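Accompanying notes for the structure given below.
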Amino acid sequence: MGRADARRAQQRGARRAAKSGGIRGLFTWRKMLGTFFGFCLLIMGAFVALYLYVDIPKANALAERQSNVYQYSDGTVLTRTGDGVNRQIVDLAEVPKEVQHTFVAAENKTFYKDQGVDLKGTARGILNTLSGKGKQGGSTITQQYVKNYYLTQDPTVSRKLKELVISLKVDQKKDKNYILAGYINTAYYGRGASGIQAAAQAYYGVDAKDLNVSQGAYLAALLQAPSQYDWAVATPTGRRLVKERWAYTLDNMVEMHWLDKAQRDTLKFPVPDKPKPARGMEGQTGYLVEAANKELDKQGITGDMRQAGGWTFTLNIDKKRQKQLEASVDRQLESKLDRKGNKVDATVQAGATSVDPKTGAVVALYGGVDYVKHYISNATRRDYQPASTFKPLVLASALENEAKTQDGDLIGVNTRYDGTSKRPVVGSDTPFAPENEDNRSYGDVTVQTAMNKSINSVFAQMVVDVGPPAVKETALALGVPDQNFPERPAITLGTMNASTWDMAGAYATLDNHGRKVTPFIVKSAKHRDRTVDPVKGIGDQVISRKSADTVTSVLRGVVDSGSGQAANTSAYEAAGKTGTSENNKSALFAGYTPELTTVVALFGESPKDGGGQVSLTGTANSGRANGGGFPAQIWADYTLGALGGGSSAQFDLQDVERGEVSVPASPSTSPSTSESADPSPTESSDLPSQSPIETPSDSASQSPIETPSESPVLPSESPVLPGGGGNSGRPGNNNSLNQ
C-alpha cells in the first residue's frame, strides 16, 4: 500500500512539473522579446504602407471655402460671413526676420533642425483624441501648416496620421522658409483675419512688413487661442495668459540668440487696436452674431472651425420680436435723445435681452446703437451693476431658506421690517447702515411695501437675516455670475456685476416657477460633416415653486402700484423690479409676463477713449434717469408688441408664502415716519422725475438708493394683523426689525 501511494504521489508531482514548465515556457525572455520586436516590425510596416499610400494632396479648399449662414429662427437669412477669406499672401522676405523668429520661438524652437514632425506630440495628440480630449497635443510648425493648408481641423486619428506622413514628405521636398511662409500666411489669428498681413492690419493697423518684434510676439502668441487671447474681448484670465505667452516667446528668442537680452528687457506689451467690425455686421446683426459665436465657442465650435466655413447657424431670434425691440428702443429712447447737442445724451447706451421662460431661448437682443459704431454689446457686458433688480433674489433666498427675522418671524409677503433710513443692520459682523433715497424713513412696513418702494434698509437687514453666503448661493443658482460678488450685507444693493443676459436668466427662472432657465441663442448648428446639440435651456429646480411664485406675487405689486408702474397696462399681467446704481451710472427694469422675460438697461458710458462709467442724470433733459423711466417704458412698449398687442395669460401662482407677523408689546415710539403718517412720499429713483438735481447717495452703500412712491396694500397682500408698527430692531433696541 505504501509503494502504491508513493507511485501516485510521484505521478502527481510529474504532472505538476510538466504543467509548470509549460506555462514558464510560454513567457521566456526570448519569446517575449521576439513578440515585442514583431509588434514593432508590424507597426513599422503599417507606417511604411501608410507613407507609400498617402501622397501630398492638393491644397484644401481655400478656393472652395464656403460662407457661414446665420439665420433667424424661422429660417430667413440674418447674414452670411466668410464669403471671401480675409487673406493677402505676402512673401516671407516682406516679413522682418525678427518677426519670423517670434513664430518659431512661440511654436517650435527646433523648427530649423527637425524633420517636420514631433512623434511624441503626435502620439499624445492621438491618445487624447481616442480618449475624447479633442485635438490636444503638440505639433511642429510643419504639421500645423499641413493641417491648415492640406487637411482640415477635425480632431480625428486618421487626420492626425495623414498629417504626420504629409509633414514628413513636405519637409523633404520644401525648404524651411517655404514652410514658414505657408504657415504664417494660412494660420487664423481671430478677428476674421487669416494670414499675417490681415492680422497685422486687424490688430495694429499696419502692414506685415512694418511689424516690430513686440507686435510679432503678440501675433505669434495669439495663434494658440485666437478667441481667448484677443485683448479687446479677453477675460482677465485670457489677458494674463496671453501676456505670459508673449513673454515666453521673447524669452525663447533670447535663448535662441535671436534677440538681445538688453533689448528684450526694454520691450513692453503692445496692446492691440480696438477691433473694426466686419462688413455686413451693421445695426444689431453684429451683436447677434457675436453672442452666437461666444456660445458656439463654449459648445466646441471654435473660431478655426467657423473660419473653415460651410456652417448654417439657426438662432432662436424671433425676427418680428427682434424688430419690435429695436423699434421700441428707437421710439422710447433714441427719438428723445440729442446725442450731438447734449453731453449727457451722448453717453447713453441701451441694452436688452428677451427670453422665453419656458425654453430659455433668447428671442430678441439689443446690443447698442450700431455694432460698427459701438463694438461692445450692451446686452452681454458685465461691467455695470444690476442695482436693486437684485432685491427680489434676496427675498427668494429668504423664502428658500425659510429664514426668520431677528425676532424669529418667518419671512414672507406680510412680514414687517423697519424702513428707517440709515438704520444699522442688526446681527452682522460687518457694519452697514444704508441710506434710503432722499434719506426718507418709512417706519414699519411689510415686505410687499418695501419691495414696492425699494427700501434699502429693509433688504439690508433681510440679507443679514438670511446670511450673505446663503443669499449669494441662491443668486448663483438662479444665474447671477460670481463676478465682484462679496459676501457682505451691501450685496442687497446689487453691487456685483451682471449683464441683462444674466438677469434675464435669473428672472426667467422665477417666471418658470423656480426651474433653472439658461438663456441660449443658438437653436442649431449644422455642417455637412457634423451637427452640434444646442445649450440645454431648462435645467433642474433650483428653488422651490413656492419660493419662486411668492417672489412673482410680490413683483406683481411693484408693477401694479410701485416703482414699475410705467410697465403697467391692462393688456397683460406682469411682474418686475426697477434698479438704479450709484450716481445713476446704470438704470434697469427687469420684468416678465407668463410668456416672456425681458431685462432692459441704460448705461452711462463716456464717449472718450477708455469709455469710463458716467452718470445718466439729465438724460433727455428728464432729470434723474432711473429704472422706472426709460427702461420700464421701453420694456412696456416692446412687451406689448412682442405679445401681439396683449395676452390673456395669467401667472399660475401656488402656495404663496405670506409670512408671520408678530404683535408688538407696545406701540412704536420711534421718531421715524410711519406708513400711516406719510402715505405718499415722493419717489425719486425709479419713477420719472423732472428734477435735474441728483440726490447724493450714502457713501457707505456704494449704490444709489431707490424709494418708490408708497402705494396702497395690493389685493394679493393678505390682511396685516392688528397692532402693526412695532419698534423692534431700531438703533438702541436689542430686538429685531420685525414685529
Side-chain angles (χ1 to χ4, degrees), residues 385-406 409-419 423 425-428 430 432 434 436 445-482 485-496 498 502-503 506-507 509-510 514 542-544 546-555 557-558 562-563 575-581 588 590 627 657 659 686 701-703 705-706 708 729 736-738:
Q385 299 174 355
S388 288
T389 60
F390 185 75
K391 286 175 181 171
L393 279 57
V394 177
L395 177 57
S397 187
L399 297 166
E400 187 64 13
N401 289 285
E402 297 183 342
K404 295 183 178 181
T405 68
Q406 300 291 306
D409 288 339
L410 185 68
I411 297 173
V413 177
N414 290 331
T415 306
R416 302 186 73 85
Y417 273 90
D418 185 348
R423 176 199 174 281
V425 295
V426 177
S428 172
T430 303
F432 187 52
N436 295 333
V445 294
T446 63
V447 167
Q448 177 71 68
T449 301
M451 189 71 79
N452 287 358
K453 300 181 180 199
S454 201
I455 301 174
N456 296 323
S457 56
V458 169
F459 288 95
Q461 183 62 50
M462 191 181 292
V463 167
V464 175
D465 293 344
V466 183
V471 171
K472 180 175 180 178
E473 182 179 0
T474 301
L476 296 182
L478 288 168
V480 176
D482 191 359
F485 201 148
E487 296 178 359
R488 297 196 296 266
I491 60 176
T492 194
L493 303 177
T495 56
M496 69 294 298
D502 299 323
M503 296 308 291
Y507 273 65
T509 301
L510 297 174
V542 292
I543 63 172
S544 69
K546 179 179 180 179
S547 297
D549 286 1
T550 300
V551 175
T552 296
S553 173
V554 172
L555 296 185
V558 176
S563 62
K577 182 69 183 76
T578 54
T580 310
S581 70
L588 302 89
E657 176 59 65
D686 283 329
S701 72
Q702 298 303 308
S703 176
I705 317 300
E706 304 169 341
S736 178
L737 288 172
N738 313 84

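FYI, side chains are in, hydrogens and waters are out, and symmetry mates aren't considered; it's all heavy atoms of this structure. For clarity, every value in this text was computed on a predicted model and none was experimentally measured.
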Within the side chain of [X], is there an N or O that forms a donor-acceptor pair under 3.5 Å with the backbone of [Y]?
X: Asn401; Y: Val466; answer: no
X: Ser397; Y: Ala470; answer: yes
X: Ser457; Y: Arg423; answer: no
X: Thr389; Y: Pro386; answer: yes

- [ ] Quick one: do Ser544 and Glu400 satisfy side chain to side chain donor-acceptor pair (under 3.5 Å)? Show the steps, please.
- [x] CA-CA 7 Å; Ser544 69; Glu400 187 64 13; 3.2 Å; yes

Taking C-beta and beyond as the side chain, do [X] and [Y] meet within less than 4.5 Å on heavy atoms?
X: Leu588; Y: Thr578; result: no
X: Ser388; Y: Phe390; result: no
X: Lys577; Y: Ser454; result: yes
X: Met451; Y: Leu555; result: yes
X: Thr495; Y: Gln385; result: yes
X: Thr415; Y: Thr446; result: no
X: Thr552; Y: Tyr507; result: no
X: Glu657; Y: Val413; result: no

TODO: With Ile543 as reference, evaluate Leu510, Leu399, Val551 under the side chain to side chain contact (heavy atoms under 4.5 Å, CB included) test and give the passing residue.
DONE: Leu510

- [ ] Would you check, one step at a time, whether the test side-chain contact (heavy atoms from CB on, under 4.5 Å) holds for Thr509 with Val542?
- [x] CA-CA 8 Å; Thr509 301; Val542 292; 3.7 Å; yes

Open item on the list: For a side-chain contact (heavy atoms from CB on, under 4.5 Å) check, start with the C-alpha distance between Leu395 and Met462, then their side-chain angles and the critical distance, and finish with the verdict.
Closed with: CA-CA 8 Å; Leu395 177 57; Met462 191 181 292; 4.2 Å; yes

- [ ] Could you tell me whether Glu402 atom CD has more than 12 heavy atoms of other residues or ligands within 6.0 Å of it?
- [x] no

Nearest atoms (heavy-atom pairs only) where [X] meets [Y]:
X: Gln448; Y: Ser553; result: OE1-O, 4.0 Å
X: Leu478; Y: Ala396; result: CD1-CB, 4.5 Å
X: Gln461; Y: Val425; result: OE1-CA, 3.3 Å
X: Gly557; Y: Asn452; result: C-OD1, 3.3 Å
X: Val464; Y: Pro489; result: CG2-CG, 4.0 Å
X: Pro481; Y: Asp502; result: CG-OD2, 3.4 Å

Task: CD1 on Ile455 to NZ on Lys391, rounded to 0.5 Å - done: 8.5 Å

- [ ] Applying side-chain contact (heavy atoms from CB on, under 4.5 Å), run through Val445 and Val458 and close with a yes or a no.
- [x] CA-CA 9 Å; Val445 294; Val458 169; 3.9 Å; yes

Task: Check ion pair Lys472-Asp482 (N to O, under 4.0 angstrom) - done: yes

Open item on the list: With no hydrogens and no angle check, just 3.5 Å: does a side-chain donor-acceptor pair link Tyr417 and Asp465?
Closed with: yes

- [ ] Please step through side-chain contact (heavy atoms from CB on, under 4.5 Å) for the pair Phe432 and Leu493, ending with a clear verdict.
- [x] CA-CA 12 Å; Phe432 187 52; Leu493 303 177; 3.9 Å; yes

Task: Partners meeting side chain to side chain donor-acceptor pair (under 3.5 Å) with Thr550 (sequence neighbours left out) - done: none

